[in-house]
Amino acid sequence: MANKNTKLLKHACKHIPSGVNSPVRAFRAVGGDPFFIKRGKGPFIWDENGRRYLDFCASWGPLIFGHAPEGLLKRLARAMKSGTSFGAPTAGEVELAARIHDFFPSIEKCRLVSSGTEAVMSAVRLARGFTGRKKIIKIDGGYHGHVDSLLVKAGSGGATFGTPDSAGIPEELAALTFTVPFNDFEALEKIARREKNSIAALILEPVPANMGVVLPAAGYLKRISEWCDDQGVLLIFDEVITGFRLAKGGAQEVYGVRPDLTCLGKIIGGGLPLAVFGGRADIMDKLAPEGPVYQAGTLSGNPLAVSAALWVLDELGGNNFHKNLNAKAELFFDGIHRTISENALPAVLNTSGSMFTLFFTPDPVTDYASAKKADAKRYARFFHHCAGHGLYFTPSQFEANFISTAHTETLLNRALEVIDEALEN
Ligand SMILES: *Cc1c(COP(=O)(O)O)cnc(C)c1O
């Protein structure tokens, strides 16, 4: 049988740089040709060769209900009939903004945008406009989309390709961004002493997922939140992955920290392009046209994406949603932990809620430096063994994988057998 993935890639490379619309899709970290996906249903995807995979990548986070859930398809079909874009306000977006506030009490006001990158870019501009300060602090290996100011020691694609800085970003702009290691409070204080009253914001993923999943040390998030208050620095939580994933109210609910601004994306759009930035009303009111900070978007609050989001929030709002999902994930994680410890394998499984990363390193992974010690070749072997047996994990080690409601216990137990083999060989 002709390999359709290979054929498509060849054609794609003629018209699309590297044949892909986002770098990590090119499988450079694990080698081999990327899968071209034909369709998805429930926990599965099928590639163009007709091979089926149990999907742990979940479109990099959005698909907490698996692929193409019936309820969502129905909701979209209905919404579509009324039009696909108006460039004018609709009742749906007002309802959505109000409901986002119910899930995230810290988001007193919000604006809807079309991608996580756009949400973060807007939040950073707003923080600068509100504080009148220029500099920002981010975390080493923290990823916030391809925002110029934040492609400085960014994880994921950056970490994988060894190009933490991108060409095309002026040094003068990058010089306004400081980076500190995750879980290192002292590093923050050191910058504060040097840069008194010039830091607009500290932006971070409260539970980093783009250097692989890494957990905040006890008290770390509370401490930095107090520090931000002290310094007049706005705290921006990038919950594009963790929002709606770890709990209804994201990591800020789990850790009891109230950021000034929050960015959401991925899950909320149900697989359609929708993201959110929002927070304190006094800050959000600085946006145009009332305020001096400009921000706009032709497709912002797109009615199809909004109808998808309203369906997502309906489903997530049920009792014990996250409790049940996390309990199922926990059983699966226990299985992997068991294999690692029984065989004394040099591997670490980091997990939070229903997301996880398997690092091939014997030492704890607590920040970007310790994540980077993981063995990329070993991961590539693991990835291909699993793919050969019908499991699709992220084609890079420095990413989060996800369990969805569509992953049944039976499927997860079967997956564990493949993972055991992959780990032991
Ligand atoms: C995916 C991601 C982004 C960027 O979102 P896009 O929709 O890809 O632009 C920003 N921040 C975090 C934490 C992400 O995981």
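Since we're looking at a predicted model, the values are computed, not measured. Every number for a ligand or one of its atoms is a count from 1 in the order of the listing.
Under the ring-ring contact (aromatic ring centres under 6.0 Å, His included) criterion, F321 pairs with F65, not counting sequence neighbours.
Using a 4.0 Å heavy-atom criterion, the residues that approach ligand 1 are S115, G116, T117, Y143, H144, G145, E205, N210, D238, V240, I241, K266.
For residues 178-187, the pairs satisfying side-chain hydrogen bond (donor to acceptor under 3.5 Å, both in side chains) are D140-T179, with sequence neighbours left out. Listed by first then second residue, pairs satisfying ring pair (Phe, Tyr, Trp, His ring centres under 6.0 Å) with a partner in residues 257-307 number zero, not counting sequence neighbours.
For the pairing with Y392, the side-chain contact (heavy atoms from CB on, under 4.5 Å) check across I37, L54, I45 returns one residue only, I45.
R125 and Q295 share no side-chain donor-acceptor pair at under 3.5 Å. Of the N and O atoms on the side chains of R245 and S354, at least one donor lies less than 3.5 Å from an acceptor on the other residue.
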